[in-house]
Amino acid sequence: MANWLLKSEPTVYSFDQFLADGTTYWDGVRNYQARKNLRAMKKGDTAFFYHSNEDRQVVGTAEVTREAYPDPTDDTDEWVVVDIKPLKRLVSPVSLHQFKMDSVLKHSALVRQSRLSVMPLDPAQAKRITELASA
DNA sequence: GCCAACGTTGGC
DNA sequence: GCCAACGTTGGC
């Protein structure tokens, strides 16, 4: 089972809204690398939910419930979405600053490729986020 | 609000 | 196919 990180601006779509919705499709991806990652997501995979801009921290987890299918908000049929449902809110959110300070997480795509919105995490990185989140 | 990083577009 | 111009993202 793979681990992913999804970015969202809290003013556009927050984790609170996601919890209220119960499920959502992850739309609006218009970047080839992000699309490649979306297509690689499998049902049952875990995704960490990161608030960009104002918040700049990982605030919760989600599970992939449906693999990539055409983005309903896209007329060109070129882009895809996945369905996800919330798992839980983190006890302690993990900030971008913590990522940069951490010997494992500083190598993650979140730090190295700040503009990528859908990115993979390796097992060590996912484990480390979980550790920090429950501390 | 500014700016760096980076992706896309279009002229040649 | 190259590269300058431009637009967008996201951290600070």
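Because the structure is a prediction, the values reported are computed rather than measured. In what follows, every chain begins at residue 1, and chains take the letters A, B, ... in the order their sequences are listed. Side-chain atoms are counted along with the backbone in the values below, which use heavy atoms only and exclude waters and symmetry mates.
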Between [atom2] on [N] and [atom1] on [X], what's the gap in Å once rounded to a whole number?
{"X": "R30(A)", "N": "dC6(B)", "atom1": "CZ", "atom2": "P", "result": "22 Å"}
{"X": "N31(A)", "N": "dG7(C)", "atom1": "CG", "atom2": "P", "result": "19 Å"}
{"X": "D55(A)", "N": "dG10(C)", "atom1": "CG", "atom2": "C1'", "result": "13 Å"}
{"X": "F99(A)", "N": "dC12(C)", "atom1": "CZ", "atom2": "P", "result": "13 Å"}
{"X": "L96(A)", "N": "dG11(C)", "atom1": "CG", "atom2": "C1'", "result": "7 Å"}
{"X": "R112(A)", "N": "dG11(C)", "atom1": "CZ", "atom2": "P", "result": "17 Å"}
{"X": "L116(A)", "N": "dG11(C)", "atom1": "CG", "atom2": "C1'", "result": "16 Å"}
{"X": "R56(A)", "N": "dC12(C)", "atom1": "CZ", "atom2": "P", "result": "6 Å"}

* Asked: Side-chain N or O of K7(A) less than 4.0 angstrom from OP1 or OP2 on dT8(C)?
  ->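 No, no such contact exists.
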
* Asked: So, is Y32(A) near the phosphate of dC6(B), with a side-chain N or O under 4.0 Å from OP1 or OP2?
  ->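 So the side-chain polar atoms of Y32(A) never come under 4.0 Å of the phosphate oxygens OP1 or OP2 of dC6(B).
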
* Asked: By side-chain hydrogen bond (donor to acceptor under 3.5 Å, both in side chains), which residues pair with W79(A), not counting sequence neighbours?
  ->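 Per chain and number, W79(A) pairs via side-chain hydrogen bond (donor to acceptor under 3.5 Å, both in side chains) with no residue.
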
* D45(A) versus W4(A), side-chain donor and acceptor atoms under 3.5 Å ->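 Yes, D45(A) and W4(A) have a side-chain donor paired with an acceptor closer than 3.5 Å.
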
* To do: Would you indicate which nucleotide in dG10(C), dC6(B), dG11(C) comes nearest to any side-chain atom of E9(A)?
  => dG10(C)

* Could you label the plane-to-plane angle of the F49(A) and Y13(A) rings as parallel, tilted or perpendicular, counting under 30° as parallel and over 60° as perpendicular? =>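 The arrangement is tilted - the two ring planes meet at 30° to 60°.
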
* Could you name each residue pair satisfying side chain to side chain donor-acceptor pair (under 3.5 Å) that touches residues 108-119 of chain A, not counting sequence neighbours? => Q33(A)-Q113(A)

